[in-house]
Amino acid sequence: MATRWGICSAGKISHDFMVAMKTLPPEDHQAVAVAARRLDDAKQFAKTHGIPRAYGTYEELAKDPNIDVIYIGTIPTTHLSSCLLFLNAKKPVLCEKSLAMTTKEVKEILACAKKNNVFLMEAIWSRFYPAYREIRKVVAQGEIGEVRLVRSEFGLSVLPLPKLELKELGGGALLYIGLYPLQFSMMIYGERPQSIQTMGKVLPTGVDETLVTNMKFSKDRLAVFTSSTGLKLANDALVVGTKGSIRIPSHMWCPETIVVNGEERNFPLPKPDLPLNFVHSTGLRYEAEEVRQCLLKGLYKPLRLRHPRKNPHMGKENSHPVGNENSHTCQPS
């Protein structure tokens, strides 16, 4: 039976999520309802993507009994209210990054999910890319030796843009795109940094435009990343070990290619059937399938990502990047 999706928001990322979902088997994934703040927007979105039901309020979507999971594609400042609405309605949730605006909000969302015993996952889509799975496997199997340094960057010249400049809209380079190189470093090392040093440029509105962050992990292992909404950077990443390296030439948050010890390994994405708003967005398919597999396995509690060294499945041959029972990274907390 197909996983029935409800789509919260008719914005750009929700559009790309739908285009990505169309690359998955329809017997596995179906969008059955969409809600927006304006009913006309929901109806147009439903028409574009062939969704049978459209609602003009999120409350109506929450009350729909024929939905298995909600995808929240609203801006981060509304994630708290949206997550609480759907979790209290006993609806599993895949919420776009960043999960919330503050630690306090994150704790409130997690507490709500635990109280209702409902599945919750933050949509850090990078973690489910075939290329990222390959990176974790390479590190876990020791192909580059012991990792000593991680360098990454993500910068776009997109200012002026209100949603990236204003606190009340969730602005700031770190919250918008800096989380990608941050999570990349933490994924490689499988732990939180022991120390963090950051310097950067802050806009008159009080949000960061550009920042450089140095992190130190256990055993004197290091990571440095740069993020910016005012500067276009190379957007690559490098993992250096005692026996070699992994290089991501571009689009480090959604790569199709990595280079391991000089050997290029390719993971092409399926082609979209409609124009996309963001680069490589058909890769959103992998997190959608991960959600389906977690729900099928009955993992209804808030989840955490496992480090590959502790994952008994990691390192096994993954012949199919979507739907393979050995490919999952979710685990009950």
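From a predicted model like this one, the values you see are computed outputs, not experimental measurements.
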Enquirer: What I want to find out is whether Glu153 reaches Lys232 closely enough, with some N-O distance under 4.0 Å, to be called a salt bridge.
Expert: no
Enquirer: Kindly say whether the aromatic ring centers of Trp253 and Tyr129 come within a distance under 6.0 Å.
Expert: no
Enquirer: Could you go through the side-chain contact (heavy atoms from CB on, under 4.5 Å) check for Ser157 and Leu231 one step at a time?
Expert: CA-CA 5 Å; Ser157 180; Leu231 301 172; 6.0 Å; no
Enquirer: Using modelled atom types and a 3.5 Å cut-off, is there a donor and acceptor pairing between side-chain atoms of His280 and backbone atoms of Cys254?
Expert: yes
Enquirer: Would you mind checking if Lys63 and Glu60 are paired as a salt bridge, meaning a charged N to carboxylate O distance below 4.0 Å?
Expert: no
Enquirer: For Ala173 and Thr229, which heavy atoms make the closest approach, and how far apart are they?
Expert: CA-CG2, 3.7 Å
Enquirer: If the threshold is 4.0 Å, N to carboxylate O, is there a salt bridge linking Glu134 and Arg265?
Expert: yes
Enquirer: Pair Phe184, Tyr132 - check ring-ring contact (aromatic ring centres under 6.0 Å, His included), show working.
Expert: CA-CA 9 Å; Phe184 182 77; Tyr132 265 55; 5.7 Å; yes
Enquirer: Between Leu238 and Ser245, does the side-chain contact (heavy atoms from CB on, under 4.5 Å) criterion hold? Intermediate values first, please.
Expert: CA-CA 7 Å; Leu238 181 67; Ser245 66; 4.2 Å; yes
Enquirer: Does the pair Phe119 and Val291 meet the rule for a side-chain contact (heavy atoms from CB on, under 4.5 Å), with working shown?
Expert: CA-CA 9 Å; Phe119 174 94; Val291 169; 3.9 Å; yes
Enquirer: Could you walk me through whether Thr198 and Thr213 pass the side chain to side chain donor-acceptor pair (under 3.5 Å) test, one step at a time?
Expert: CA-CA 4 Å; Thr198 295; Thr213 300; 3.0 Å; yes
Enquirer: CD of Gln183 to CE of Met186: how many Å apart, nearest 0.5 Å?
Expert: 9.5 Å
Enquirer: Answer yes or no: is there an ion pair linking Lys107 with Glu105, defined by an N-O contact shorter than 4.0 Å?
Expert: no
Enquirer: Are Leu222 and Ile196 grouped together when hydrophobic residues (ILVMFWY) are joined by side-chain heavy atoms under 4.5 angstrom apart?
Expert: no
Enquirer: Measure across Leu149 and Tyr189 and return the closest heavy-atom pair with its distance rounded to 0.1 Å.
Expert: N-OH, 3.3 Å
Enquirer: Determine whether a donor-acceptor pair (N or O, by modelled atom type, separation under 3.5 Å) exists between the side chain of Thr242 and the backbone of Glu146.
Expert: yes
Enquirer: Treat each ILVMFWY residue as a node, draw an edge where side-chain heavy atoms are under 4.5 Å apart, and state whether Val19 and Phe45 are in one component.
Expert: no
Enquirer: Hey, are Arg53 and Asp64 close enough for a salt bridge, meaning a charged N less than 4.0 Å from a carboxylate O?
Expert: yes
Enquirer: Could you report the tightest heavy-atom contact between Glu96 and His79, atom names first, then the distance?
Expert: O-CE1, 3.0 Å
Enquirer: What closest approach, in Å, do Leu39 and Gly56 show between heavy atoms, and which atom pair accounts for it?
Expert: CD1-N, 3.5 Å
Enquirer: So, for Ser185 and Ala223, which heavy atoms are closest and what is the spacing to 0.1 Å?
Expert: OG-CB, 3.6 Å
Enquirer: Tell me the closest heavy-atom pair linking Leu175 and Ala100, and the distance in Å.
Expert: CD1-O, 4.2 Å
Enquirer: Does any N or O in the side chain of Arg127 come within less than 3.5 Å of the main-chain N or O of Ile124, such that one atom is a donor and the other an acceptor?
Expert: no
Enquirer: Could you give me the CA-CA distance, side-chain angles and deciding distance for Lys201 and Asp208, then say whether salt bridge (Lys or Arg N to Asp or Glu O under 4.0 Å) is met?
Expert: CA-CA 6 Å; Lys201 175 184 176 181; Asp208 55 296; over 6 Å; no
Enquirer: Is it true that His29 and Glu289 share a donor-acceptor pair across their side chains at a distance under 3.5 Å?
Expert: yes
Enquirer: So if you build clusters from Ile, Leu, Val, Met, Phe, Trp, Tyr with side-chain heavy-atom gaps below 4.5 Å, do Leu169 and Leu80 land together?
Expert: no
Enquirer: Ignoring hydrogens and geometry, is there a side-chain-to-backbone donor-acceptor pair from Arg292 to Asp28 under 3.5 Å?
Expert: yes
Enquirer: Quick check on the hydrophobic clustering: are Val158 and Leu174 connected, directly or via other members, by side-chain heavy-atom contacts under 4.5 Å?
Expert: yes
Enquirer: Are Arg247 and Asp236 ion-paired here, with the side-chain N under 4.0 Å from a carboxylate O?
Expert: no
Enquirer: For Asn277, which residues count as a side chain to side chain donor-acceptor pair (under 3.5 Å) partner, sequence neighbours excluded?
Expert: Asp16
Enquirer: May I ask you to say whether Arg4 pairs ionically with Asp68, meaning some side-chain N is under 4.0 Å from a carboxylate O?
Expert: yes
Enquirer: Would you mind checking if Arg37 and Asp41 are paired as a salt bridge, meaning a charged N to carboxylate O distance below 4.0 Å?
Expert: no
Enquirer: Please test Ser218 against Glu191 for side-chain contact (heavy atoms from CB on, under 4.5 Å), starting from the C-alpha separation and ending with a verdict.
Expert: CA-CA 9 Å; Ser218 63; Glu191 63 183 40; 2.9 Å; yes
Enquirer: Going by side chain to side chain donor-acceptor pair (under 3.5 Å), name the residues that satisfy it together with His49, two or more places apart in sequence or in a different chain.
Expert: His15
Enquirer: Salt bridge check: are Arg148 and Asp220 linked by an N-O gap of less than 4.0 Å?
Expert: no
Enquirer: Could you tell me whether a side-chain N or O of Glu165 sits under 3.5 Å from a main-chain N or O of Leu161, the two making a donor and an acceptor?
Expert: yes
Enquirer: In the single-linkage hydrophobic clustering (I, L, V, M, F, W, Y; side-chain heavy atoms under 4.5 Å), do Ile177 and Leu233 co-cluster?
Expert: no
Enquirer: Spell out, as yes or no, whether a donor-acceptor pair under 3.5 Å connects the side chain of Ser281 to the backbone of Leu276.
Expert: no
Enquirer: Decide whether a cation-pi geometry holds between Lys97 and Tyr180; the criteria are a distance under 6.0 Å from NZ or CZ to the six-membered ring centre and an angle within 45° of the ring axis.
Expert: no
Enquirer: Roughly how far, to the nearest 0.5 Å, is the CG atom of Leu120 from the NZ atom of Lys114?
Expert: 10.5 Å
Enquirer: Got a salt bridge between Glu290 and Arg133, using NZ or NE/NH1/NH2 to carboxylate O under 4.0 Å?
Expert: yes
Enquirer: Determine whether a donor-acceptor pair (N or O, by modelled atom type, separation under 3.5 Å) exists between the side chain of Thr78 and the backbone of Thr74.
Expert: no
Enquirer: Does Glu108 have any side chain to side chain donor-acceptor pair (under 3.5 Å) partners at least two apart in sequence or in another chain, and if so, which?
Expert: none
